[in-house]
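Worksheet: the structure to be examined is printed underneath.
Naming: A, B, ... by sequence-line order, numbering from 1 per chain.
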Amino acid sequence: MDVDVIVRNAPFIFGGLYLTAQLAVFAIGGGLVLGILLGAARLSRQPWLYYPVSAYVHFFRGLPLLLVIFWLYFLIPVITGRSLNEFAAAVIAFIVYEAAYFSEIVRAGIQSVSKGQRMAGLSSGLTGVQTLRHVILPQALRTMVPSLVTHSVVIFQDTSLAYVIGLREFLRRVNLVDAREARSLELYLFAGLVYFILCSAGTFTGKRLERKNRERKV
Amino acid sequence: MIEIENVSLWYSKQTRVLFNIDACIGHGRKVVICGPSGSGKSSLLRCINGLESFQEGRILVDGISVLAKQTDIHELRAGIGMVFQHFELYPHMTVLQNITLAPVRVRRKSLADAETHARRLLERVGIQEHAANYPEELSGGQQQRVAIARALAMEPKLMLFDEPTSALDPEMIQEVLDVMTDLAKEGMTMVLVTHEMGFAREVADEIIFMDKGRILEHADTASFFDNPRHDRTRQFLSRILR
């Protein structure tokens with residue numbers, strides 16, 4: 001075992017981890033915001049909203065993420081005529097793709113709030129959007145916390161897929177170091193350990209949030 | 001004034017809920033709607049503020065048609081308070097926040113004004129000391145009184161009550177009825193779906209009796225109880241007044 005290979009390349013590798021973290025934050029934040037909009041739209045009674053959004057969700061849920069990252073990277077320049085850097089392309093691909101998954105979590109969360117709450121909001125003169133924002137969503141988000149955390153952890157793991165368009169995120173950099181130094185065992189064990197610790201921390205935080213919710217409810 | 005003209009409501013061909021309902025409820029009147037469960041009482045109530053959209057007929061509230069395209073339904077609802085069987089307080093907000101939400105968001109009141117008004121209303125329904133509590137920390141009777149205060153915060157000209165005491169423990173019913181009786185004395189126009197016949201007799205000006213989606217009887221309170229015209233009404237009353 002040559003642990004020194006990690007120390008020697010630490011700035012390079014952790015620079016990649018920083019990029020991975022950034023990508024995950026944008027993907028989760030953007031995906032959730034778009035997911036809330038899509039999830040709410042799928043519960044709309046307006047056919048012009050419901051059908052296109054449902055089609056969108058089904059479309060992206062039926063594709064591998066890897067393919068979507070590829071597509072966007074090569075498609076966006078063709079459509080807009082401007083080339084896109086790898087990071088921006090990856091962020092857009094993740095948001096567009098994960099929003100479809102988040103929307104399903106959001107939809108289930110909204111449906112878990114009783115119909116009477118919506119009626120109470122509407123009867124007081126609030127609009128549908130105001131009722132959703134002030135009455136339904138705060139309650140829905142609380143029940144959604146466990147699923148949101150689980151899915152966010154999955155997204156964090158999936159950020160490594162951005163290597164296909166040449167983004168030098170954490171795992172890609174480990175890979176590059178290995179190509180130079182030929183220390184596969186140490187490097188990949190280390191990479192696994194980092195993913196494991198960070199994902200466990202995420203899961204643990206989720207559990208704590210869940211418990212806190214339950215205590216407040218009693 | 002509420003004018004209900006020939007209103008029919010159905011969810012599908014098999015499930016018709018309301019059949020050609022006609023009724024007129026004058027300003028300041030207290031009208032109790034009663035009848036067996038499934039008779040369409042609550043649905044009719046929800047038609048009045050457009051929470052339920054009916055397929056035929058029309059309902060005018062102070063001359064404004066509830067379902068007409070040009071009607072600002074949110075503005076109309078803001079002037080109609082509604083109280084629900086299961087309270088429907090917002091569980092993630094304190095009592096005070098429950099009451100100030102609509103005045104701040106719909107009436108664009110400042111939070112300070114809304115809170116001052118909310119505290120006055122809480123005093124009126126007798127639970128000023130619970131302003132900072134969450135609904136789950138209150139008894140059912142207290143929750144329903146908060147719900148009434150919340151509806152009153154919009155200064156409605158009309159109040160709708162949908163079985164406000166049906167989900168309450170027996171010992172809490174009276175405290176809610178007392179608040180409603182006070183409100184009635186102040187001249188509020190009230191439409192109430194309730195099984196509290198003692199309350200109805202004492203407070204209501206008129207009684208509407210419904211069965212299977214139709215109004216069978218609409219009479220002033222005294223003649224409804226003393227001289228029910230319809231067999232079905234007599235049957236219902238004999239069962240409920242024991």
Enumerate donor-acceptor pairs with a distance under 3.5 Å from any side-chain N or O in residues 28-40 of chain B to protein atoms, sequence neighbours excluded.
{"residue": "R29(B)", "atom": "NE", "partner": "E206(B)", "partner atom": "OE2", "Å": "2.7"}
{"residue": "R29(B)", "atom": "NH2", "partner": "E206(B)", "partner atom": "OE2", "Å": "3.1"}
{"residue": "K30(B)", "atom": "NZ", "partner": "G28(B)", "partner atom": "O", "Å": "2.8"}
{"residue": "K30(B)", "atom": "NZ", "partner": "A184(B)", "partner atom": "O", "Å": "3.3"}
{"residue": "K30(B)", "atom": "NZ", "partner": "M188(B)", "partner atom": "O", "Å": "2.5"}
{"residue": "S39(B)", "atom": "OG", "partner": "P36(B)", "partner atom": "O", "Å": "2.7"}

Give every donor-acceptor pair under 3.5 Å between a side-chain atom in residues 12-38 of chain A and any protein atom, sequence neighbours left out.
{"residue": "T20(A)", "atom": "OG1", "partner": "G16(A)", "partner atom": "O", "Å": "3.2"}
{"residue": "T20(A)", "atom": "OG1", "partner": "F170(A)", "partner atom": "N", "Å": "2.9"}

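Only the backbone of I80(B) has a heavy atom closer than 4.5 Å to any heavy atom of chain A. With a 4.5 Å cut-off on non-hydrogen atoms, I73(B) does not touch chain A at all. The contact between Y90(B) and chain A is made by backbone and side chain atoms together, counting heavy-atom distances below 4.5 Å.
Contact count against chain B (heavy-atom pairs under 4.5 Å) is highest for S124(A) among G121(A), S114(A), S124(A). Contact count versus chain A (heavy atoms, under 4.5 Å) is highest, among A153(B), A78(B), A151(B), for A78(B).
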For this session: Carefully, step by step, assess R46(B) and M119(A) under the rule side chain to side chain contact (heavy atoms under 4.5 Å, CB included).
Result: CA-CA 9 Å; R46(B) 286 201 291 268; M119(A) 280 204 255; 3.3 Å; yes

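No donor-acceptor pair under 3.5 Å is formed between the side chain of H74(B) and the backbone N or O of G128(A).
When the side-chain contact (heavy atoms from CB on, under 4.5 Å) test is applied to T181(B), the partners found at least two apart in sequence or on another chain are K185(B), F199(B), E202(B), V203(B).
Counting heavy-atom neighbours within 6.0 Å of F204(A) CZ, excluding the residue itself, gives a total of 12 or less. No more than 12 heavy atoms of other residues, nucleotides or ligands sit less than 6.0 Å from atom CZ of R168(A).
Residues of residues 101-118 of chain B lying under 4.5 angstrom from chain A, judged on non-hydrogen atoms, are L101(B), A102(B), R105(B), V106(B), R108(B) in numerical order.
P91(B) has its side chain within reach of Q117(A): a pair of non-hydrogen atoms, C-beta onward, lies under 4.5 Å apart.
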